[in-house]
Amino acid sequence: MGKILTRMGDGSPVELSPAELRQDLEDGSADAADRGNVPGLDEEDFRYLVELFTRRDRFVGVDVGNEVVLTYDGAALKFKRHCLFEERLHVLTLYEKMFGADTVELGHVDYSYKPVKPIVNYEQGTLEMGLLTTHSPLIYGAMPNLGLYTRPDGPCPNPMELLPQGKIKEARAAYEDMVEEAVRDIVFVVGSMYESGADGFNLDTVGASGDADVLASFLALEKLRAKYPDIAVEVGMAGEFVLGMHGELEYGGKRLAGLYPHQQVGLAEKAGAVIFGPVVNTNTDQTIPWNLARTVVFTRACSKASSIPVHANMGMGVGAVPVTDFPPVDVLSRASKALVELCGLDGL
Amino acid sequence: MSDLFVQAKQAILATDKEKALEIAKRHLDAGGEPLEIISQGFVPGITEVGEQFGRGTLFLPELIMAAEAMMAVTDVLSAAMAESGQAGSATPAGSILVATVKGDVHDIGKGIAVAMFKANGYTVHDLGRDVEVGDIIDAAEKNGSRVIATSALLTTTMGEQKKLEETLKKSKLREKYVTLVAGAPVTQRWANRIGADIYAENAHTGVVRVSEKLMAG
């Protein structure tokens with residue numbers, strides 16, 4: 001067997017010998033198993049992944065019968081990233097009718113609950129038009145984004161200015177205040193859009209600001225679940241483990257900081273999530289085989305621990321997809337196939 | 001490894017500044033070399049703190065407290081070295097300027113990097129977020145930083161890192177500084193493309209690569 005062409009985590013091409021490929025798969029698996037304290041890949045998994053990377057196909061897909069639900073978070077916004085200036089509702093119909101989306105998501109360009117709050121009436125109108133225009137479930141998505149609650153954008157002191165000064169108590173108090181503010185905004189926006197008929201919601205990139213961000217999402221979800229018992233909310237994470245920016249916040253009696261996907265999913269379900277979106281970060285210094293083996297280990301552990309549907313996040317820099325504006329189809333399709341077929345996922 | 005070196009490492013891991021200072025004093029009182037306990041006790045401690053942070057088993061407040069303990073003992077040991085006529089400092093670190101680039105308000109990663117560099121004995125000048133290239137260079141010139149580290153979380157703001165490289169070249173200052181780029185969309189390819197000296201996948205890697213670069217001269 002000659003050299004195997006694949007990529008690094010930054011998207012650049014790299015050639016591996018069969019021995020190097022196998023070693024990278026083993027190392028990626030071992031890294032995840034060690035960090036998450038979860039089972040690594042077995043010999044059958046390695047055979048599957050070696051075959052996946054050595055086949056010459058430019059593009060691969062799941063076997064017949066293994067198809068899963070495809071949802072595109074922030075869908076209406078991503079066209080503009082590619083300089084295609086389509087109006088948001090047009091984009092939703094394109095995703096639904098041309099790109100095979102099973103659910104579509106409407107989101108505002110700022111993609112955070114706080115800035116949507118003062119314009120929620122406009123968003124309600126757009127959502128209602130979207131519901132009349134599309135056939136598949138239409139969800140509304142945004143980020144908790146606790147960073148928007150610090151000065152000068154918000155009312156709270158910035159913990160990232162306080163912490164380096166050693167003001168740990170003050171920083172923790174600021175995070176706790178930010179949680180209260182964010183819960184209020186998330187409940188208001190999601191409640192308003194739910195009452196306008198949204199089929200579901202996406203709390204996206206949960207944990208981007210650390211453990212306080214996760215706590216705000218879970219507490220908001222609890223309130224929404226109590227007020228609207230049938231509401232459908234997906235919790236999509238920001239990173240593979242919860243950053244301990246506060247360090248002592250708990251939910252359901254468990255410290256949030258440091259939780260990996262298989263430990264996060266149970267708490268999301270407890271809070272009221274109906275779909276969980278785990279994230280595994282792509283390491284740009286490593287190859288895609290290393291990253292994919294690692295991602296499969298974390299994601300499968302999450303899938304096994306979950307009793308709600310799991311839709312893994314895949315995109316720029318997560319899910320073994322390279323950190324590039326335009327993900328290369330060779331590795332993107334391989335990562336998608338492996339995650340679906342090895343992890344028992346319900347969707348991507 | 002001597003028992004005292006093990007205790008020094010444990011004191012940093014426990015983020016116990018008082019204990020760390022007591023151990024440093026005991027070492028000096030017993031006639032020990034300052035560099036010995038730094039390199040064999042305290043530095044392995046702070047290195048493990050960084051590794052644990054990267055694995056999600058130790059969190060930012062603890063990292064900050066460990067950094068404070070580390071800074072306290074290096075101050076004491078550096079002073080002891082000066083008193084005994086030894087040249088240099090207890091740590092080989094230098095001065096680093098850190099900023100999130102113009103148009104970008106994301107500072108979590110930068111904050112972690114600041115704590116990690118301080119923990120490893122660097123003097124850090126943190127300019128905050130949303131900082132103009134001109135202001136970064138002016139500050140570096142004023143405070144004598146050897147390293148300029150910039151963070152960008154967005155694909156739309158990482159261009160500022162390229163602008164920094166170009167402005168340094170135009171000002172004939174490029175050779176004076178070691179530049180480091182970091183942030184979620186930033187990669188080694190990007191660093192190569194714009195001519196930055198160091199790409200850091202995370203804060204811990206940043207410290208390691210800056211230290212290697214500075215030691216290489």
Side-chain angles (χ1 to χ4, degrees), chain A residues 8-12 31 34-37 81 145-148 150 152-153 158-169 171-172 175 208-211 213 238-249 255-260 263 281-286 316-318 322-325, chain B residues 15 17 51-65 67-69 71-72 98 100 104-119 124-126 128-130 151 153-156 158 182-193 199-202 205 209:
Chain A
M8 296 297 290
D10 66 1
S12 56
D31 185 72
D34 178 42
R35 283 170 185 264
N37 194 22
R81 185 190 295 172
N145 202 350
L146 258 64
L148 291 177
T150 61
D153 304 305
N158 185 350
M160 295 315 296
E161 290 172 7
L162 296 170
L163 281 169
Q165 297 171 43
K167 296 180 179 174
I168 290 166
K169 193 176 159 193
R172 283 181 166 151
Y175 273 123
S209 301
D211 44 356
D213 201 285
E240 65 196 30
F241 70 85
V242 178
L243 278 170
M245 309 306 287
H246 181 293
E248 292 182 346
L249 295 175
R255 180 150 86 162
L256 292 166
L259 294 184
Y260 279 88
Q263 299 160 319
N281 303 95
T282 300
N283 185 325
T284 59
D285 286 340
Q286 301 285 349
M316 179 181 177
V318 297
V323 182
T324 53
D325 280 343
Chain B
T15 71
K17 184 163 83 175
E51 285 166 3
Q52 285 196 24
F53 182 81
R55 296 168 64 88
T57 53
L58 182 143
F59 311 113
L60 191 58
E62 287 103 317
L63 176 62
I64 303 279
M65 288 189 277
E68 287 188 345
M71 284 188 286
V98 182
T100 300
D104 206 320
V105 297
H106 299 91
D107 57 2
I108 287 180
K110 177 182 68 62
I112 294 168
V114 167
M116 200 73 87
F117 276 105
K118 280 185 177 174
V124 182
H125 302 281
D126 181 6
R129 52 188 182 170
D130 194 18
S151 167
L153 191 86
L154 306 171
T155 52
T156 49
M158 57 199 278
V186 176
T187 62
Q188 183 64 57
R189 283 176 97 187
W190 173 249
N192 295 345
R193 192 171 138 200
Y199 157 66
E201 173 84 16
N202 53 48
T205 311
R209 291 185 179 167

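Small disclaimer: the values here were computed from a predicted structure and weren't measured. These numbers come from the heavy atoms of this one structure, side chains and all, not from hydrogens, waters or symmetry mates. Below, read A as the first sequence line, B as the second, and so on, with proteins coming before strands; counting in each chain starts at 1.
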Hey, which of B:Asp126, B:Ile112, B:Ile108, B:Val186 has the most heavy atom pairs under 4.5 Å with chain A? B:Ile108
Can you tell me which portion of A:Asn281 sits under 4.5 Å from chain B's heavy atoms? Options are side chain, backbone, both or neither. neither
For B:Ala67, which atoms come within 4.5 Å of any heavy atom of chain A: side chain, backbone, both, or neither? neither
Find the one option among B:Arg129, B:Met65, B:Lys110, B:Lys118 whose heavy-atom pairs under 4.5 Å with chain A are most numerous. B:Arg129
Among A:Glu248, A:Glu161, A:Arg172, who wins on heavy-atom pairs under 4.5 Å with chain B? A:Arg172
Heavy-atom pairs under 4.5 Å with chain B, option from A:Gly166, A:Ala171, A:Gly317 with the top count: A:Gly166
Minimum heavy-atom separation for B:Arg55 to A:Arg35, with atom names? CA-NH1, 3.6 Å
Could you verify whether a donor N or O on one side chain and an acceptor N or O on the other, from A:Thr284 and B:Glu201, lie under 3.5 Å apart? yes
Ionic contact status for B:Arg189 with A:Asp325, cut-off 4.0 Å: no
Interface moiety of A:Leu163 toward chain B, non-hydrogen atoms closer than 4.5 Å: both
Would you compute the distance between atom CG of B:Asp107 and atom OG1 of A:Thr150 and round it to the nearest 0.5 angstrom? 7.0 Å
Any heavy-atom pair between the side chains of B:Phe59 and A:Asp211 that's under 4.5 Å? no
A:Asn283 side, atom CG; B:Thr187 side, atom OG1 - distance, nearest 0.5 Å: 11.5 Å
B:Ile64 and A:Lys167, any side-chain heavy atoms less than 4.5 Å apart: no
Rounded to the nearest 0.5 Å, the CE atom of A:Met245 sits from the CG atom of B:Leu63 at a distance of 9.5 Å
Between CD1 of A:Ile168 and CG of B:Leu60, what distance do you get to the nearest 0.5 Å? 8.0 Å
To check you understand the geometry: which heavy-atom pair defines the closest contact between B:Phe53 and A:Phe241, and what is its length? O-CZ, 3.8 Å
If you define the side chain from C-beta out and look only at heavy atoms, does anything of B:Thr155 sit under 4.5 Å from A:Met316? yes
What part of A:Pro152 lies closer than 4.5 angstrom to a heavy atom of chain B: side chain, backbone, both or neither? both
How close do B:Pro61 and A:Gly244 get, heavy atom to heavy atom, and via which atoms? CD-O, 3.4 Å
Looking at A:Gly147, A:Gly247, A:Ser12, which makes the most heavy-atom pairs under 4.5 Å with chain B? A:Ser12
Evaluate whether atom CG of A:Asp285 has more than 12 neighbouring non-hydrogen atoms of other residues, nucleotides or ligands under 6.0 angstrom away. yes
